[in-house]
Each structure stands twice: as C-alpha cells, then as structure tokens.
Amino acid sequence: MQLVPQLCAWFARHRRDLPWRRTRDPYAIWISEAMLQQTRVEAVVPYYERFLARFPTVRALAEASVDDVVAAWSGLGYYRRARALHAAANEIAEQHGGELPRDRDAFLALPGVGPYTAGAVLSIAHGASEPVVDGNVARVFSRLFGYDDEPGGPLQRKLWSKARELVPARSSGDVSPGAWNQALMELGARVCTPRSPNCAACPLASECVARREGKTAELPRPAKRRAPIDVRVEVLVAERGPDVLLVRRPATGRMARMWELPTREVPDEDGRTYLWPSRHAVAFRAGEHELHAVSHAITHHRIRATVHAATAGKVRSRATGAALETRWAHRDELDELGLTGLSRKALRGAF
DNA sequence: AATTCGGGGGC
DNA sequence: GCCCCAGAATT
C-alpha cells in the first residue's frame with residue numbers, strides 16, 4: 001500500500017475545520033504553530049482568533065509592546081513563546097521587509113522557531129517539501145514502523161530521517177507536503193491516540209507493525225517523568241473599591257514580567273521554596289479571612305493556594321527591601337493584563 | 001543529554 | 001488525578 005496517498009486521502013475527508021486551515025497567510029500559520037507548541041488544539045482556538053484580530057500582520061505585532069503581546073497570551077502558558085514571537089516579528093520587519101523568510105535557515109534563525117515550526121510553516125504555507133516531527137508524528141511512526149527505542153536523541157534522529165524520507169517532493173491532488181504533515185498529526189491527535197487508539201478507524205492499520213504485533217499499548221515507550229513537588233502558597237486579594245492590587249514578577253525566569261496577585265510561598269519542612277524564591281517574596285499581612293483554596297500546576301509542581309482577603313501593607317521584596325512594581329487594576333481591565341494563571345484562577349473565585 | 005518553561009483537555 | 005500535548009532554549 002502507498003502510505004502517503006492513502007493517508008492524504010483520509011485527511012482530505014476527515015480533516016477538522018480549524019481556523020488556521022482557512023488561510024494560507026504564512027503569518028497566521030506561523031502564529032498557530034507557535035501557539036500549538038505543547039498546547040492542544042482546543043486550548044489554542046480562542047487565543048488564535050483573538051490574537052490575530054489584535055495583531056493581524058507581522059508589522060502590527062512588531063509595533064505592539066511586548067507587554068501587550070504577553071497579555072494577549074495570558075493563560076496560554078510558556079510565555080517565552082510570546083516574547084520570542086514579538087522579537088521575531090521585529091526581526092522580520094527590520095531584516096526581511098515584513099515578509100516571513102521562505103528560506104529554512106533564515107526562518108530557523110528567528111527566536112522561538114525550531115525544526116518543527118520551520119518545517120510546519122514552510123510546508124503548510126509555502127508547500128515546501130519539509131518534514132515535521134512532533135509528538136503525534138513520533139507516536140504514529142513508532143507504532144506504524146514498530147520503533148521500540150527508548151526516548152532520546154537516537155530515536156529523534158530516526159524519526160526525522162523517516163519523516164524526511166516520506167514527505168512528498170511536490171503537490172499533486174490530495175497529496176502535498178503540508179497535507180501529509182498535517183495528516184500525520186491529525187491521525188495522531190484523533191485516531192492514533194496515546195491511550196486506546198481507534199485502530200478500526202485507521203487508514204494505515206493494515207500496515208501497522210504495532211497493530212500486527214499487539215504492541216500499540218507499549219509504543220512509543222514513555223519518557224521518564226520527574227517526581228512532582230508539592231508547593232503551598234498564600235495569595236492576597238487586596239481591594240480598594242473596584243481595584244485590585246497587583247505585583248509585577250521579576251524580569252527573568254518563569255512568567256517573567258507578568259502581573260500577579262501578591263503571592264507568598266510557604267517554605268517546606270526544610271525551609272525551601274520552589275516557585276517564589278524568598279528573595280522575591282512579597283511581604284503582606286495575610287488577613288484572617290480565607291476566601292477559598294485553589295489548585296494549580298506548573299510543570300511538575302503541584303500548587304495548593306489559599307486565597308486571602310486583606311488590606312495590604314506596603315508590598316515589598318523581602319530580602320532586598322526594594323519596592324516591587326505594583327499597581328491597582330480595575331476589575332474590568334484584568335483581562336487586558338498579562339496575569340498569571342494562578343492569579344486568574346484565584347480571582348475567579350474571589351469576585 | 002537533561003532541565004526548564006504553563007496550562008488544561010480528556011480519559 | 002494523571003497524562004501529555006502541532007517544542008524551543010538553556011544548561
């Protein structure tokens with residue numbers, strides 16, 4: 001059986017109608033690919049539409065402030081992507097005349113663009129014969145070809161090599177580099193899923209090594225996972241009329257320069273903190289009254305937060321004594337600020 | 001080669 | 001609750 005035409009024909013019939021599949025604007029496709037890094041389609045759709053309405057072109061994105069870009073990204077996670085996107089837009093405006101580079105190396109040189117994103121944008125937007133390997137492709141190939149290597153560099157090279165071998169050289173009918181790449185990912189997302197794949201619906205089932213050998217549940221081999229760390233924090237909701245007190249996070253590190261409610265981490269038994277280092281700790285008087293508790297997760301950290309209503313004293317960085325950048329934000333403007341996920345979650349229950 | 005970086009949908 | 005996602009940059 002011819003793998004490529006078979007899967008492309010399946011894709012032509014079963015492809016989901018997603019917003020970024022209704023355009024051939026390389027900029028729009030680039031935005032979608034940046035948002036889709038480690039993020040599910042369902043989570044991306046509303047962000048994609050808002051983001052493109054707000055920043056419809058490379059130049060619009062380049063001319064925006066990085067704070068506005070991060071604010072539009074607020075809640076999507078991996079905020080480095082937003083800052084990289086803004087930086088890349090500036091490079092494109094200044095060095096590429098506002099057009100996304102079609103050259104693979106030039107595109108790869110942009111911040112936030114790696115092998116996957118380069119392959120995806122070049123193949124989908126420009127029809128270039130470039131491969132992609134994402135989590136879906138890795139799973140589909142591992143099962144289809146029976147790759148039982150443990151995760152790591154050698155397997156990655158094997159996957160990219162196979163992807164390069166299979167990607168069509170040109171477009172013809174349903175078959176094209178972009179369609180093939182998207183078809184592989186669509187198959188992984190909808191049929192060849194991590195758990196309980198729907199092999200009955202798979203157009204490649206008759207060719208699948210894992211299927212033939214009854215190993216679909218064993219492939220691909222799972223990556224080693226870090227042990228979760230439990231973190232306790234106290235979050236302050238200080239209100240002054242319709243306004244809420246916010247603090248800006250440090251310029252570097254996780255969630256850099258984003259706004260959050262004054263947050264303090266409770267040290268563990270060994271006196272250690274993990275997410276809110278004591279040198280950035282915020283001094284405030286946690287009021288006696290606890291509004292509610294929320295759970296949150298940041299990578300392998302499991303956060304349990306108690307949310308307190310209180311009148312804030314001066315909000316200060318504890319170790320240095322330097323005043324942190326703070327502001328009183330009206331409730332109605334919170335959506336327009338780059339607020340961390342935990343703070344948004346804490347506020348949701350407070351009002 | 002390992003770690004770091006968010007958040008949530010879906011099972 | 002846990003898994004893992006249309007990854008890239010940093011160490």
Side-chain angles (χ1 to χ4, degrees), chain A residues 15-16 18-21 29-48 70 73-85 87-88 107-121 123-125 130-140 150-157 159-160 163 178 180-190 192-198 220 222-230 249 252-256 258 260 274-275 294-304 338-345:
Chain A
R15 70 201 294 262
R16 285 172 288 177
L18 302 173
W20 47 88
R21 289 183 176 161
I29 290 168
W30 172 43
I31 299 301
S32 76
E33 293 300 342
M35 287 187 169
L36 285 161
Q37 290 169 16
Q38 295 292 288
T39 309
R40 293 171 179 278
V41 165
E42 297 80 0
V44 165
V45 170
Y47 280 87
Y48 171 85
V70 171
W73 205 271
S74 171
L76 202 49
Y78 285 146
Y79 299 99
R80 170 189 294 164
R81 294 181 295 176
R83 291 190 294 277
L85 218 42
F107 196 49
L108 267 176
L110 296 171
V113 177
Y116 166 78
T117 305
V121 174
S123 66
I124 296 170
E130 296 287 348
V132 299
V133 174
D134 73 330
N136 291 306
V137 178
R139 185 171 56 255
V140 169
E150 55 183 306
L155 174 60
Q156 287 303 311
R157 281 187 284 281
L159 292 166
W160 277 97
W180 162 251
N181 286 336
Q182 291 184 82
L184 277 173
M185 296 190 280
E186 190 84 342
L187 188 72
R190 307 280 289 178
C192 194
T193 51
R195 281 166 300 184
S196 55
N198 185 5
K224 291 190 287 283
R225 202 160 297 284
R226 276 204 64 168
I229 296 173
D230 288 304
R249 293 184 56 81
T252 57
R254 60 173 64 81
M255 299 170 277
M258 296 188 69
E260 67 182 356
Y274 299 90
L275 297 178
V294 297
S295 299
H296 193 65
I298 296 179
T299 60
H300 59 284
H301 301 277
R302 292 186 302 213
I303 305 169
R304 288 290 297 168
L339 212 55
T340 65
L342 174 59
S343 287
R344 289 186 306 119
K345 208 179 274 186

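Since we're looking at a predicted model, the values are computed, not measured. Residue numbers begin at 1 in each chain, while the letters A, B, ... track the order of the sequences. Atoms considered below: every heavy atom in the structure, side chains included; atoms not considered: hydrogens, waters and symmetry mates.
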Inset, instruction - Spell out protein contact along nucleotides 3-10 of chain C as letters: B when the base is contacted, S when just the sugar-phosphate is, - when no protein heavy atom is under 4.0 Å; keep the 5' to 3' order. - result: SBBBBBS-

Legend entry - Geometric class of the A/F107/A/W30 ring pair [parallel <30°, tilted 30-60°, perpendicular >60°]: perpendicular

Inset, instruction - Return the value, rounded to whole Å, for the distance between atom CD1 of A/I303 and atom P of B/dG8. - result: 12 Å

Inset, instruction - Respond yes when some side-chain nitrogen or oxygen of A/H296 is under 4.0 Å from OP1 or OP2 of B/dG7, and no when none is. - result: yes

Inset, instruction - Tell me, please, which residues at least two apart from A/R302 pass salt bridge (charged side-chain N to carboxylate O under 4.0 Å, His left out). - result: A/D230

Inset, instruction - Could you tell me whether the side chain of A/S123 and the main chain of A/A120 form a donor-acceptor pair under 3.5 Å? - result: yes

Legend entry - Gap between atom OG1 of A/T340 and atom NE2 of A/H296 - 0.5 Å precision: 6.5 Å

Legend entry - Protein-nucleotide distance (A/H301, atom NE2; B/dG6, atom P), rounded to Å: 10 Å

Legend entry - Whole-Å P distance, B/dG6 and C/dT10: 14 Å

Legend entry - salt bridge (charged side-chain N to carboxylate O under 4.0 Å, His left out) against A/E186, all qualifying residues, sequence neighbours excluded: A/R16, A/R21

Inset, instruction - Quickly work out the A/H300 NE2 to B/dC5 C1' distance and round it to whole Å. - result: 10 Å

Inset, instruction - By nearest nucleotide on DNA chain B, pick out whichever of A/G253 and A/S196 is the more 5' one. - result: A/G253

Inset, instruction - Indicate, with a heavy-atom threshold strictly under 4.0 Å, whether A/G75 touches base, sugar-phosphate, or nothing. - result: sugar-phosphate

Legend entry - Rounded distance (nearest 0.5 Å) linking atom CG of A/L36 with atom CH2 of A/W20: 4.5 Å

Inset, instruction - Using a heavy-atom cut-off of under 4.0 Å over every strand shown, decide if A/T340 touches base, sugar-phosphate, or nothing. - result: sugar-phosphate

Legend entry - Counterpart residues, salt bridge (charged side-chain N to carboxylate O under 4.0 Å, His left out), relative to A/R157 (two or more places apart): none

Legend entry - Protein-nucleotide distance (A/Y47, atom OH; B/dG8, atom C1'), rounded to Å: 10 Å

Inset, instruction - Go through the structure and list residues passing side chain to side chain contact (heavy atoms under 4.5 Å, CB included) with A/D134, not counting sequence neighbours. - result: A/Y116, A/N136, A/V137, A/M185

Legend entry - 5′-ward residue of the pair A/M255/A/G152 relative to DNA chain B: A/G152

Inset, instruction - Quick one: the dot-bracket string of DNA chain B, using Watson-Crick and G-U wobble pairs with both distances under 3.5 Å, [ ] for crossing pairs and | for bases paired to another strand. - result: |||||.|||||

Legend entry - For the student: nearest non-hydrogen atoms of A/P222 and A/P151, plus distance: O-CG, 3.7 Å

Legend entry - Separation of the P atoms in B/dT3 and C/dA6, to the nearest angstrom: 24 Å

Inset, instruction - Would you please confirm or rule out a distance under 4.0 Å between OP1 or OP2 of B/dG7 and any side-chain N or O of A/R344? - result: no

Inset, instruction - Quickly work out the A/W73 CH2 to B/dC5 P distance and round it to whole Å. - result: 18 Å

